[in-house]
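Just below is one structure, and these are the notes that go with it.
Labels below follow one simple rule: chain letters A, B, ... track the order of the sequence lines, proteins then strands, and each chain is numbered from 1. These numbers were taken from a predicted model, which means no experiment stands behind them.
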There are 2 protein chains.
Amino acid sequence: MPMNPEIRTPAKAASDGLPAPCPMVSFVKLVSGKWAIPILYRLIIIGGAVRFSELQRAVAPITQKELTRQLRLFEQRGLVSRRIYAEVPPRVEYSITELGLSLRPTLDSLAGWMRENGMKLAAQDHHD
Amino acid sequence: MPMNPEIRTPAKAASDGLPAPCPMVSFVKLVSGKWAIPILYRLIIIGGAVRFSELQRAVAPITQKELTRQLRLFEQRGLVSRRIYAEVPPRVEYSITELGLSLRPTLDSLAGWMRENGMKLAAQDHHD
DNA sequence: CAGAATCCCAAATGATACTG
DNA sequence: CAGTATCATTTGGGATTCTG
């Protein structure tokens, strides 16, 4: 039998030194944030390289700051790669990495649950 | 081939009236929040009814306010049920619903990706 | 063009005290 | 026990301006 996916709360994990957070929590942290999924998924769909401004239009109306910040985070985590061309005007292209691409089935599975069960969820959101 | 899971940015979705957000975004919103997964998953593991204070100890160090708020949200969405006993001292028990339970495979899948690929992720978090 | 730097506001969360 | 109420702090994110 599959071992129990031990849950680890952000709690200090008192006795041992390491935080060793719950994988699910880590995952959610990875893809939370208002624009994380839209950016990531757009890059996954595109597959190849996209320029910064193209991407910004694609996931509009994101601000430049947020797009930059989120791309940097993904880059740090190895989900997205960044290619700078020494040209003028400057040109920077982003693309999904293999690691990033490996997220697709999982993301599709999330979406799958939502499509199957989303309508059963009451009080979705009352954003205004 | 499977049809493309159309992405819907929070953008106005100009032409049609409805927001019809991307399912993945909806999903993430559902389980984001610092304590959402710890609470939900603990309830899933327990399976049966738990008292408020037990649950609080289980997902410590959550504050009372946060636990209450998150439980209310889950209850509104039909993922968790709340049972009040007219006793003194008061007793309230929470348990996962069938709908909530149906999340388990998906959550396990998230955790699965994380376990398989988590170590490949650089710069996890530098929370301090 | 692709950003960095600032300023600002709203939402999320924590701490603490109080109550039926 | 199981909350509610209030206050304070932190974080997320948008708007705007500046620059190589």
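- What separates CD1 of B/I39 from P of D/dA2 is a distance of 15 Å, to the nearest Å.
- Atom CD1 of residue A/I44 and atom OG of residue A/S95 lie 12.0 Å apart, to the nearest 0.5 angstrom.
- In this structure, B/R57 does not pair ionically with B/E54, as no charged nitrogen and carboxylate oxygen lie closer than 4.0 Å.
- Under a hydrophobic-cluster definition in which Ile, Leu, Val, Met, Phe, Trp and Tyr are linked whenever side-chain heavy atoms come within less than 4.5 Å, directly or via other members, A/L99 and A/L107 are assigned to the same cluster.
- The residue among B/P90 and A/V92 whose nearest nucleotide of DNA chain C is located toward the 5' end is A/V92.
- Taking only side-chain nitrogens and oxygens, A/R72 comes nearer than 4.0 Å to OP1 or OP2 of C/dG3.
- Counting atom types as modelled, B/Q64 pairs a side-chain N or O with a base atom of D/dG3 as donor and acceptor under 3.5 Å.
- For A/Y94, no side-chain nitrogen or oxygen approaches OP1 or OP2 of C/dC1 to under 4.0 Å.
- For the pair B/R69 and D/dT4, the criterion of a side-chain N or O lying under 4.0 Å from OP1 or OP2 is not met.
- Below the 3.5 angstrom threshold, one finds a donor paired with an acceptor across the side chain of B/K65 and the base of C/dG14.
- Summarising the geometry, the separation between NZ on A/K34 and P on D/dG13 is reported as 8 Å, rounded to the nearest angstrom.
- Look at A/T63 and you won't find any side-chain N or O under 4.0 angstrom from OP1 or OP2 of D/dA15.
- For B/R51 and D/dA2, the shortest distance from a side-chain N or O to OP1 or OP2 is below 4.0 Å.
- Between B/E87 atom CD and D/dG3 atom C1' there is a gap of 16 Å when expressed in whole angstrom units.
- In this structure, A/Q70 atom CD and D/dT11 atom C1' are separated by 14 Å, rounded to whole Å.
- At the heavy-atom level, A/Y85 lies nowhere under 4.0 Å from the strands shown.
- Taking every heavy atom of both residues into account, B/P90 and B/R51 meet most closely at O-NH2, 3.4 Å.
- If you take CG of A/L71 and P of C/dA2, they are 11 Å apart, rounded to a whole angstrom.
- The 12-atom threshold is exceeded at CD of B/E87, counting heavy atoms of other residues, nucleotides or ligands nearer than 6.0 Å.
- Summarising the geometry, the separation between CD on A/E66 and P on C/dA4 is reported as 13 Å, rounded to the nearest angstrom.
- If you take NZ of A/K29 and P of D/dT11, they are 11 Å apart, rounded to a whole angstrom.
- Atoms CD1 (B/I62) and C1' (C/dA12) sit 13 Å apart, rounded to a whole Å.
- Distances shown here put a side-chain N or O of B/W35 below 4.0 Å from the OP1 or OP2 atom of C/dG14.
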